[in-house]
Structure formats: C-alpha cells, structure tokens
Protein chains: 2
Amino acid sequence: MNHNSTPRPATARGQRTRQRLVEAAEAVFGRKGFERASISDITQQAGVALGTFYVYFPDKQALLVEVVDGLGARLRAELARAIAGRTDRLEVEREGFRAFFAFTARHRLLYRVVRQSEFVDEACFRRYYRSFAAPYARALAAAQRSGQVRRLDPEVLAYALMGITDFLGMRYVLWGRKRDMAAVLDAAVELVRHGMAAPAGGGRPGPAPRRARRRTA
Amino acid sequence: MNHNSTPRPATARGQRTRQRLVEAAEAVFGRKGFERASISDITQQAGVALGTFYVYFPDKQALLVEVVDGLGARLRAELARAIAGRTDRLEVEREGFRAFFAFTARHRLLYRVVRQSEFVDEACFRRYYRSFAAPYARALAAAQRSGQVRRLDPEVLAYALMGITDFLGMRYVLWGRKRDMAAVLDAAVELVRHGMAAPAGGGRPGPAPRRARRRTA
DNA sequence: CGTGGAGTTGAATTATGATTCATGTTTCAT
DNA sequence: ATGAAACATGAATCATAATTCAACTCCACG
C-alpha cells in the first residue's frame, strides 16, 4: 500500500510536519501544476525549511503519489458515506453523482492533481481510476443479479458512468458558473436511467428540457 | 484562429522545417510529456539545430498549442467523415464512437498531449473540448426537434457522451489489450440508447452480457 | 554569377531548481 | 535529568535546459 521509500516519522512532531507537507503539496500542485511547483514552493507553503522535505520524501514524485492516493481514499470514503443504506441502484447513482460533484466543488484541485499524475507516475494514475472502477463494477454486477440493472458488461458500465461524472464535473463544476448543478444532475440521471433514445409513443415536439428542483450538490 | 506570434514561413523550405518540428513535437510530447521534453529533444527528433526552433516558435508552449489544435482539427475531420450521410442519430453515435476509438488507437499520444495542455495553456485545453461539444450539442438539439432523441439539455448530453467515449477509450484502447473493442462499443451504444435501468417485464436472471460481433474499431 | 532575404547553426549565456550535508535543535525513553 | 535519536535548517553544489546571437548557408531573382 505504501508507495514511497522513506519510513514514517517516529515522533508526533514528525507526523505533523509530514502532514503539513502533504497538505501544502496538494495546494501547490493544484495551483501551479506538478512540474512548475518547486520543492521550495511546497516547503514555504508548509512553513518549513527546504531541507526538511528530504527528511520525509525522496523526491517530488513520491509526494505527488501520496497526495493522489490520499485524494482517492477521501473521495471513496465520501462516496461510501453518500450511498450508505440505499438499495435502489438508480438512487445510488444519483447520490453518487451528487457526492462527486460536491467533493469536486470543495476540492477544485482534485482534477488537476490527479491528472498530473499521468505524466509523473502512470501506475498511480491508473490505480486511482481502478480503485473506483473495481468496486463500482462489482456493485453493478450485484444490481444486475437482483434484476435492477440491464445486463451490460459491468466494467464497461462502470467506466462509462465514471466518464459521465468526470466530464460533467469538469464542465459544470470546474468551468461553468452559469448552470445550476441540480439541473445537470437530473439530466445525467435521466440519461443513465432511460438512455437518450426518445421515449416510445409521442414523436415530435416534446416538452422543453426539464428544469431543476433539488438542492445543489 | 492563430494562437502563436511568429509569422508563417515564407518559403517552401521553411514550411517543411516548421512542419517537421510540429510532427516531432507530437511524438516527443506524447512520449516524454510536455515538461520533460526539452526543446533540444524536439529539434533532434526533427533533425534540425536547436536555434532553428526559435525561428518558428516563441517557446515550447506555442508549439504545444499548435499540436493540440491540430489534433483536434484532425479528429473532428475524421468524425465528420465517419458520420457523413447518416440520419439516424443513434447510428451516428455508434459510428462516432467507433471513429473515436479508431483514431485513438492510431494516435495513442492524443490523450497525453491534449491532457498536458491543461497545465500549460488552459484556454487551449478548454477550446479543445468545446470545439467538440458545441457542434455535438447542436446536432443533438436538432435530433431532439425531429423527435429522435429524448429532451435532455443538449450540452449536458454532449459532455456526458464525450465523457463516456473518453473513459472507454482510455480504459480499453489505451490500457487494456484484453477485451475487444466491438463488445465495448456495443455495450456503450446500448447504454446510451436505453439506459442502465433493467428493461421492464422480466425480473431476475437475464441473459449474460452480450458478446461482440462487429469488426474492431 | 552576385546579391539579399530567408533559413540554419550551435556555442555561450543565464536562470532555475533539485539535492546534499554539516550544523543546530527538539523530543523522549530511561 | 540526560544523551541519543529524531528532526530541522538553509547555504552551497550541481545539473539541466531555455534563450540569445553572431556567423554561416541556401536559393530565387536580376
């Protein structure tokens, strides 16, 4: 599970300093990007001396990996909390989407930091997505067995759903202020539930796209 | 449309050299990543001297922007060709997906290069996706007016569909050798068409996920 | 064939930032 | 209390690579 080489700090002080560095890195990597963020930027942000960095990490790369793994773990925990107790799979999807958008809004840097990892440590980057996809696919397979979900390859379904949330989060949480997320959420859920083929029966001018009602993510 | 400052070369020789640099950059950025690719790497790959670079580009960034814009233009052209003449919107989606996967397979660097741009010139990065989303949304809106497509916000729909293809391309074209793309394509199209809710009627054990038949993208 | 503008060259300059390390300071088990 | 281990420091070292530029080559045109 541990992907860097330096041992954990032995004292409470060490723990604290190390933690500061991780948090500083999250901010600095998010703001300036991995390559443009200097170790010195990070130590300054953390309020420690330059040399201190090398007490805890062998290099910048190890720190990025730690940050990405950490973000993944936090997001997974938040998603788990959001869907806890629900049994209706489409409700789970909705709440999962909502929680993801909320997390993204709270950690705008998430995307940038995770995406950076692709060019720094591709294994870490893939691990990040796999760590979501694997349990996601298992849950979808279970929902298929219980007859709630159409029988499509669960892994394909998982990546497709992750793609939807990733892109909608990027467009509407990161980029756009304009639109309210509730409307986006509704549209995404409807697409995921029924697909984009027009409903049978009625042909031409249907009602305008439905507007939001729920609270914002 | 032109996002760099240096003027176009005046002679055929200049055109050729410039083009070599662009092609070299595509390969080198894809292989090493933007930041780790040195100008010298690029000029070597192009078979020209270091100083020549600055005749055609003010800096590395301008070259990346050119490469990304170029990739976008080529992919758009390829997609347009793939769907030309079709009127059934869901056939268009299928052929669009297929063409995207094929392009990705042929230019494995696409993802890496485009994603790099997020940290180098965010405007370029957004422009890339918008340049697909805008016409996509317009086409979807038209298909809604003609009663082929469910009335969901067209832009949301466009980004959701792009997210699906992006993630499936990443997972199954870039990462996985295992699975054949035809099966992935079928599953994606079925999801997009009907959604993931289990079909009405039948309850529990449906048939296993359908296998592929079509040619690989 | 000679001239000028376009193109090419690569050594030299310069800036940046990663990494080391010898020297202090703090912590904590005994 | 106390000494060794852990931690913190930042100036100095070292490597890399962006950018400049003065000299050179190419070639279309007269």
Side-chain angles (χ1 to χ4, degrees), chain A residues 2 4-67 116-117 119-121, chain B residues 2-25 27-67 116-117 119-121:
Chain A
N2 188 10
N4 61 63
S5 44
T6 318
R8 300 262 138 191
T11 73
R13 178 166 67 136
Q15 300 279 345
R16 216 178 313 126
T17 302
R18 190 176 198 285
Q19 188 51 31
R20 276 166 155 231
L21 283 167
V22 172
E23 277 158 25
E26 195 174 312
V28 175
F29 286 153
R31 178 152 36 82
K32 307 186 66 165
F34 177 80
E35 299 287 354
R36 302 199 220 235
S38 67
I39 310 254
S40 160
D41 286 334
I42 295 166
T43 54
Q44 270 179 252
Q45 169 95 21
V48 302
L50 181 51
T52 303
F53 176 85
Y54 291 93
V55 174
Y56 298 103
F57 303 95
D59 51 28
K60 239 201 318 181
Q61 176 163 335
L63 183 47
L64 179 71
V65 169
E66 175 130 348
V67 169
Q116 289 276 13
S117 72
F119 311 101
V120 176
D121 182 332
Chain B
N2 189 11
H3 296 282
N4 61 62
S5 43
T6 317
R8 301 262 139 190
T11 73
R13 179 165 65 134
Q15 301 278 344
R16 216 179 313 125
T17 302
R18 190 177 199 284
Q19 188 51 31
R20 277 166 155 231
L21 282 168
V22 172
E23 277 158 25
V28 175
F29 286 152
R31 177 153 36 81
K32 308 188 63 165
F34 177 80
E35 300 286 354
R36 302 199 220 237
S38 67
I39 309 256
S40 161
D41 287 334
I42 295 166
T43 54
Q44 269 178 253
Q45 168 94 21
V48 302
L50 181 52
T52 303
F53 175 87
Y54 291 93
V55 173
Y56 298 103
F57 303 95
D59 50 27
K60 240 201 319 181
Q61 175 162 335
L63 183 47
L64 179 71
V65 169
E66 176 131 347
V67 169
Q116 288 278 13
S117 72
F119 310 102
V120 176
D121 183 332

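Convention: sequence-line order gives letters A, B, ...; per-chain numbering from 1.
- The minimum heavy-atom distance linking Ala24(A) with Ile42(A) is given by the pair CB-O, 3.6 Å.
- Put simply, OH on Tyr54(A) is 12 Å from P on dG17(C), counting in whole angstrom units.
- Residue-level contact check: Gly51(B) touches the bases, meaning some heavy atom is under 4.0 Å from a base atom.
- If you take CG of Asp59(A) and P of dT20(C), they are 10 Å apart, rounded to a whole angstrom.
- The backbone N or O of Ala62(A) lies less than 3.5 Å from a partner atom in the side chain of Asp59(A), making a donor-acceptor pair.
- Here dT8(C) is the nucleotide among dC7(D), dT19(D), dT8(C) with the atom lying nearest to any side-chain atom of Thr17(B).
- Considering only side-chain atoms of Tyr56(B), the nucleotide from dA8(D), dA18(D), dG7(C) that sits closest is dG7(C).
- Using a 4.0 Å heavy-atom criterion, one finds that Thr11(B) contacts the sugar-phosphate atoms exclusively.
- Atom CZ of Phe57(B) and atom P of dT19(D) are 14 Å apart (whole Å).
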Run the side-chain contact (heavy atoms from CB on, under 4.5 Å) test on Arg16(B) and Arg13(B) for me, step by step, so that the C-alpha distance in whole Å, both residues' side-chain angles and the decisive distance to 0.1 Å come before the verdict. CA-CA 5 Å; Arg16(B) 216 179 313 125; Arg13(B) 179 165 65 134; 4.2 Å; yes
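- Of the candidate nucleotides dT9(C), dT9(D), dA6(D), dA6(D) has the atom nearest to the side chain of Arg13(A).
- If you check residues 32-50 of chain B against DNA chain D, the residues with a heavy atom closer than 4.0 Å are Ala37(B), Ser38(B), Ile39(B), Leu50(B), listed by number.
- Atom P of nucleotide dT19(D) and atom CZ of Phe53(B) are separated by 8 Å, given to the nearest angstrom.
- Side-chain atoms of Ser117(A) never come within 3.5 Å of backbone atoms of Val120(A) as a donor-acceptor pair (strictly under, hydrogens ignored).
- Scanning all heavy atoms of the two residues, the minimum distance from Ala49(A) to Thr43(A) falls at O-CG2, 3.6 Å.
- Between the CZ atom of Arg16(B) and the C1' atom of dA6(C) there is a distance of 13 Å, rounded to whole Å.
- Protein atom NZ of Lys60(B) is 15 Å distant from nucleotide atom P of dT16(D), rounded to whole Å.
- Glu23(B) and Gln19(B) share a donor-acceptor pair across their side chains, judged by distance under 3.5 Å alone.
- When all heavy atoms are compared, the tightest approach of Pro9(B) to Arg18(B) is CD-CD, 3.5 Å.
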